[in-house]
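Read the numbers this way: they start at 1 and go in the same order the structure lists the ligands and their atoms. Since we're looking at a predicted model, the values are computed, not measured.
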Amino acid sequence: MTNHVHVFDTTLRDGEQSPGVRLNLDQKLTIGRALVDLGVDIIEAGFPISSPGDFESVNTLAKELKGVTICGLTRARQKDIEVAAEALQPAERRRIHTGLGVSENHLQHKLRMTREQALEVGVNAVKLARQYTDDVEYFMEDSGRADPEYVYQVVEAVIDAGATVINVPDTTGYTAPDEYMALIRNIITHVPNSDKAIFSCHCHNDLGMATANTLGGVLGGARQVEVTVNGIGERAGNTSLEEVAVALHIRKDRFGCETNIQLNKLLAISRMVSELTGMIVQRNKAVVGANAYAHSSGIHQDGVLKERSTYEIIDPTLVGAEKSEIILTARSGRHGL
Ligand code: KIV
Ligand code: ZN
């Protein structure tokens, strides 16, 4: 297994689904260019059938951005796939991302299909998508709450049909990190043709575990992470790109993996996305928050002034911040002053 983790950025699709966020075409292009510069491997540029605006933005990013795979989301429906293929046509490298739910909850309440019906629809969607590109990702919505035996069956069938990347979304942010790691690991060991695909983590942050779950998935053998800048996205958001990239770097001893992300550009893109989306980054946000490299208590200031590593595991310049700060507060001591 390779140690390269592909970074699949979905700021412009799942991220743009954040309540209150609406990006125009220019803003999407600006973010898209910055993502290429940052070193992401795949940009999910939108959901082409969902609106003429989404079609236009996927199509424009496909024309303008080079050196990156452009991906469009579809439901497992013929029209969705045809429209996505048309929008992605000008791309240097294109990916169709299709799929449907696998949990009993989604099958019964949303899709109103039996397991067998859903499996057949999924397999046909992959076969159709493969007529337009040899890079087809299949998502199994709500995998985190699904019966693993059914998940194995779906994975085997869609890989046989031509899927090259298998997305295992924890759509509702329900799983714990050890469970998500086991889910990925068990899929890889139970599915006979699993060596023909890359497995992808797509975790939502409803219980604040998205980054931990994604890193658990990498330990379980996933080699793609689906992330957004600042962790923006539906409800409590998606996994933060910057948290995963820096965790893989700082804890290379633990994860043994690397990405192509230019870490020193993380702070700049975080600020850009915050400004363009209007989504404020909380001060204590890991990696890019305003307080992430600020020390205010006397005990910590004393330690940092003697030796930075006493209280800092990330050198702020790594992510493009200038330096750490010593903030004078009522809790500062003589040494800090
Ligand atoms: O959270 C999710 O399941 C998704 C899929 C559409 C990939 O965003
Ligand atoms: Zn999602």
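If you chain together hydrophobic residues whose side chains sit under 4.5 Å apart, L107 and Y174 never meet in one group.
Taking the six-membered ring where the residue is Trp, H97 and F139 present perpendicular rings, their angle passing 60° and hence far from 30°.
Distance from atom 4 (C) of ligand 1 to its nearest protein heavy atom, with residue and atom name: H202 NE2, 3.5 Å.
Close contacts between ligand 1 and H204 involve ligand atoms 1 (O) [criterion: under 4.0 Å to a heavy atom]. Distances below 4.0 Å separate heavy atoms of D14 from the following atoms of ligand 1: 8 (O). Each of the atoms 2 (C), 3 (O) of ligand 1 lies under 4.0 Å from some heavy atom of P169. Listed by number with element, the atoms of ligand 1 under 4.0 angstrom from any heavy atom of T171 are 1 (O), 2 (C), 3 (O). Atoms of ligand 1 found under 4.0 Å from any heavy atom of E141, numbered from 1 in the order shown, are 3 (O). The atoms of ligand 1 that sit less than 4.0 Å from any heavy atom of N167 are 7 (C).
At least one donor-acceptor pair closer than 3.5 Å links the side chain of S18 to the backbone N or O of G233. Looking at D9, its side chain never comes within 3.5 Å of a backbone N or O of V40 through a donor-acceptor pair.
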**Request:** Check step by step if side-chain contact (heavy atoms from CB on, under 4.5 Å) holds for I42 and R95.
**Result:** CA-CA 9 Å; I42 303 111; R95 175 179 296 180; 3.9 Å; yes

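Contact annotation: for T10 versus ligand 1, there are no heavy atoms closer than 4.0 Å. Neither the backbone nor the side chain of E226 has any atom closer than 4.0 Å to an atom of ligand 1 (non-hydrogen atoms only). Under 4.0 Å from ligand 1, not a single heavy atom of E234 appears.
One side chain, T69 or R93, offers a donor N or O that lies under 3.5 Å from an acceptor on the other. Side-chain contact of T317 with D315: a donor-acceptor pair under 3.5 Å is present, judged by distance alone. Between the side chains of Q262 and D37, no donor-acceptor pair is found at a separation under 3.5 Å.
Rounding to the nearest 0.5 angstrom, the gap separating the CD atom in Q17 from the OG atom in S50 is 8.5 Å.
Taking the six-membered ring for Trp and the full ring otherwise, H295 and Y311 have centroids separated by 6.0 Å or more.
Of the listed residues (R75, H106, Q17, R13), the one carrying the non-hydrogen atom nearest atom 5 (C) of ligand 1 is R13.
Around the Zn ion (ligand 2), the protein N, O or S atoms found under 2.8 Å comprise D14 OD2, H202 NE2, H204 NE2.
Considering all non-hydrogen atoms of both residues, L61 and L12 come closest at CD2-CD1, 3.5 Å.
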